[in-house]
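Notes for the one structure printed next.
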Amino acid sequence: MDSRACRSCRSCRGRAGQVVLDLGQQPACDYFPRSDDPGPDPAYPLQMWLCSSCGLAQLLADPTVPEEPKGTEPAALVAQAADAVMRVSAAGWLPAGGAVAEYGSPHGGSWLGLLAARGLGPAGDGEQAHVVLDCFGLMHAADQQSALAERAARVMPGGVLLLQYHALPAIIRGRQWNALRHGHYAYYSTTALTAMLAVVGFSPRTAWAFDLYGGTVLLAASRDGDEAFGADGMDRPDGSDGVGGSDGIGGSDGVGGSVAALLADDARVGVRDPSAFAGLQRNVQAHARNLHDWLVAERSAGRKVLGYGAASRAVALLCQAQVDRLLLPAVVDASPAKQGLRMPGTDIPVAGTAQLASGRPDAVLLFVPDLLAEVRKAFPEVEAAGGSWVDAEKLGS
Ligand SMILES: [Zn+2]
């Protein structure tokens, strides 16, 4: 792992840091070629770099151009949004009649409908808002410093900045090496985000943890010195301090307790320590080998396997494992935009959901574990025909 003196942090501009995860050359995970395009697809270096100064884990370089066909929004994501809005509202951070500015993810999903139901309307273009919401949007900004500054500037006096992110400790702990992808420039710990917020004069006030993606955090921050309407100390309908979390992170230890708990969890995992990322790197080979071996064994046993979920992590995993259509004849995906295309970096076609019935698979390899409950319900024919759903992430070490 080399230090790169030649680049600077996307947030603090510091130049000291280390590559902590190196996936070598990867095709752009959002470029799905037509199924009759023989390739080879262009590949680009894919590396995670950890800034020694502010601690932000980030994409080292990204020569790709985003062009992902929008996928369908997973039900798990929709349910989490409803849960999150309910909790934030209960904690007093959503003033009825207030204005909201939303910075969304290019992959889709908006909370505006949920917020409208609670009496919040959209702010005008570029206008300040009571609530500035960023749900998986910020990580898509190559320049993290200016993107966060822009969002902070939109917060009106007394307002709140809500940031939701896939938490770095969950990535490290779950060895989710294939969370790293082109187009996602930052992988936030609460520790790094707190440092980034300090630069724009904001502090985290409370946070909620969710199981989504193995660990997702929604952080509420406000301007230093502000009398925020949702400030800690105000009466909350549920008497809580905003400590949340279906995964048990938190614990009601007073004002801002949930933020303190997240920071403590960061420290336990070692989010600023390059050596804490070693398990991620080790799991790349182990996960790829286990997947390949499993697919070979299934084929030898005469069992038919299909994939489900043409997501970026599937692209990375199938490329690392060098899986082709002989081992995995198709990856089923619900998004009509991906029909007629193939997975980047391999000859495996993307198929429509009708394949789940007609193909009568013995096993369906699920690349997005958050979808499990949803797909079992939507496609009962798989299990009715004796097939089973297999979590591709669990084939890792
Ligand atoms: Zn930095």
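Sequence positions, counted from 1, serve as the residue numbers for this chain. The structure presented is a predicted model; accordingly, all values stated were derived computationally and were not measured.
Proximity of a side-chain donor or acceptor of Glu393 to a complementary backbone N or O of Val368 within less than 3.5 Å is not detected. The backbone N or O of Val155 lies less than 3.5 Å from a partner atom in the side chain of Arg223, making a donor-acceptor pair. Listed for the Asp226 side chain is a donor-acceptor partner under 3.5 Å among the backbone atoms of Gly158. With hydrogens and angles ignored, the 3.5 Å screen pairs a side-chain donor or acceptor of Arg342 with a backbone N or O of Thr346. Listed for the Gln322 side chain is no donor-acceptor partner under 3.5 Å among the backbone atoms of Leu318. Glu102 contributes a side-chain N or O that, together with a main-chain N or O of Trp111, makes up a donor-acceptor pair within less than 3.5 Å. A donor-acceptor distance shorter than 3.5 angstrom exists from the side chain of His130 to the backbone of Ala99, with no hydrogens or angles considered. Here the side chain of Arg118 pairs no donor or acceptor atom with the backbone of Ala96 at under 3.5 angstrom. Without hydrogens or angle criteria, Asp391 side chain to Pro369 main chain gives no donor-acceptor distance under 3.5 Å. Between the Thr216 side chain and the Phe210 main chain, no donor and acceptor come within less than 3.5 Å of each other.
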Stepwise side-chain contact (heavy atoms from CB on, under 4.5 Å) check, Leu59 with Gln47: CA-CA 6 Å; Leu59 201 55; Gln47 296 158 318; over 6 Å; no
Residues Ser8, Arg15; criterion side-chain hydrogen bond (donor to acceptor under 3.5 Å, both in side chains); working and verdict: CA-CA 4 Å; Ser8 62; Arg15 291 183 171 274; 4.7 Å; no
Salt bridge (charged side-chain N to carboxylate O under 4.0 Å, His left out) between Asp265 and Arg268, intermediate numbers included: CA-CA 5 Å; Asp265 191 51; Arg268 263 193 305 279; 3.2 Å; yes
Salt bridge (charged side-chain N to carboxylate O under 4.0 Å, His left out) between Asp134 and Arg151, intermediate numbers included: CA-CA 8 Å; Asp134 188 296; Arg151 287 153 176 76; 2.5 Å; yes
Candidate pair Arg10 and Asp62, rule salt bridge (charged side-chain N to carboxylate O under 4.0 Å, His left out), full reasoning: CA-CA 12 Å; Arg10 296 182 184 279; Asp62 190 2; over 6 Å; no
Candidate pair Trp389 and Leu365, rule side-chain contact (heavy atoms from CB on, under 4.5 Å), full reasoning: CA-CA 6 Å; Trp389 294 91; Leu365 194 57; over 6 Å; no
From CA spacing to verdict: side-chain contact (heavy atoms from CB on, under 4.5 Å), Ser105, His140: CA-CA 8 Å; Ser105 160; His140 297 92; 3.6 Å; yes
Test side-chain contact (heavy atoms from CB on, under 4.5 Å) applied to Phe202 and Met196, step by step: CA-CA 9 Å; Phe202 275 60; Met196 292 167 68; over 6 Å; no
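Annotation: side chain of Val160 is in contact with side chain of Leu162 (closest heavy-atom distance under 4.5 Å). Counting heavy atoms from C-beta on, the side chains of Leu197 and Leu161 come closer than 4.5 Å. Proximity of Tyr187 to His166: side-chain heavy atoms (C-beta onward) are nowhere separated by under 4.5 Å. Looking at Cys54 and Cys9, their side chains come closer than 4.5 Å, going by heavy atoms from C-beta outward. Taking the side chain as every heavy atom from C-beta outward, Tyr213 and Arg313 approach each other to under 4.5 Å. In this structure, the side chains of Leu50 and Val271 stay at 4.5 Å or more apart for every pair of heavy atoms. At least one side-chain heavy atom of Asp22 sits under 4.5 Å from a side-chain heavy atom of Gln281. Residues Val305 and Leu295 meet the side-chain proximity criterion, which asks for heavy atoms closer than 4.5 Å.
Smallest separation of non-hydrogen atoms from Asp211 and Asp370: O-OD1, 4.2 Å. When every heavy atom of Arg181 is checked against every heavy atom of Leu46, the shortest pair comes out as C-CD1, 3.8 Å. In terms of heavy atoms, Ala84 sits closest to Gln164 at CB-OE1, 4.4 Å. Counting all heavy atoms, side chain and backbone alike, His182 lies closest to Ala61 at CD2-O, 4.4 Å. Residue Ala75 comes nearest to Glu374 through the heavy atom pair N-OE1, 2.8 Å, listed as atom of the first residue, atom of the second, then distance. When all heavy atoms are compared, the tightest approach of Val217 to Ala207 is CG1-CB, 4.3 Å.
Glu383 CD: more than 12 foreign heavy atoms inside a 6.0 Å radius. Atom CD of Gln25 is surrounded by more than 12 heavy atoms from other residues, nucleotides or ligands within 6.0 Å.
One hydrophobic cluster, built from ILVMFWY side chains closer than 4.5 Å, cannot hold both Leu212 and Val78; they sit in different ones. Hydrophobic clustering (side-chain heavy atoms under 4.5 Å, transitive across Ile, Leu, Val, Met, Phe, Trp, Tyr) groups Leu306 together with Leu372. Both Leu112 and Val131 belong to a single network of hydrophobic side chains, linked directly or stepwise wherever heavy atoms of I, L, V, M, F, W or Y lie under 4.5 Å apart. The hydrophobic cluster containing Leu133 does not contain Met156, counting ILVMFWY residues as joined when their side-chain heavy atoms lie under 4.5 angstrom apart, directly or transitively. If you chain together hydrophobic residues whose side chains sit under 4.5 Å apart, Met86 and Leu120 never meet in one group.
Rounding to the nearest 0.5 angstrom, the gap separating the OG1 atom in Thr191 from the CG atom in Leu56 is 11.5 Å. To the nearest 0.5 Å, atom CZ of residue Arg7 and atom CZ of residue Arg13 are 10.0 Å apart. Rounded to the nearest 0.5 Å, atoms OG (Ser258) and CH2 (Trp208) are 7.0 Å apart. With rounding to the nearest 0.5 angstrom, the CZ atom of Phe277 is 10.5 Å from the CZ atom of Arg272. In this structure, the separation between NZ on Lys338 and CG on Asp333 is 4.5 Å, given to the nearest 0.5 Å. Taking OG of Ser11 as the start and OH of Tyr188 as the end, the distance is 8.5 Å to the nearest 0.5 Å.
Considering Pro204, Ser203, Ser189 in turn, Pro204 is the only one that fulfils the side-chain contact (heavy atoms from CB on, under 4.5 Å) rule with Thr194.
The distance between the ring centers of Phe136 and Tyr103 does not fall below 6.0 angstrom.
Between the side chains of Tyr165 and Thr190, at least one donor-acceptor pair of N or O atoms lies under 3.5 Å.
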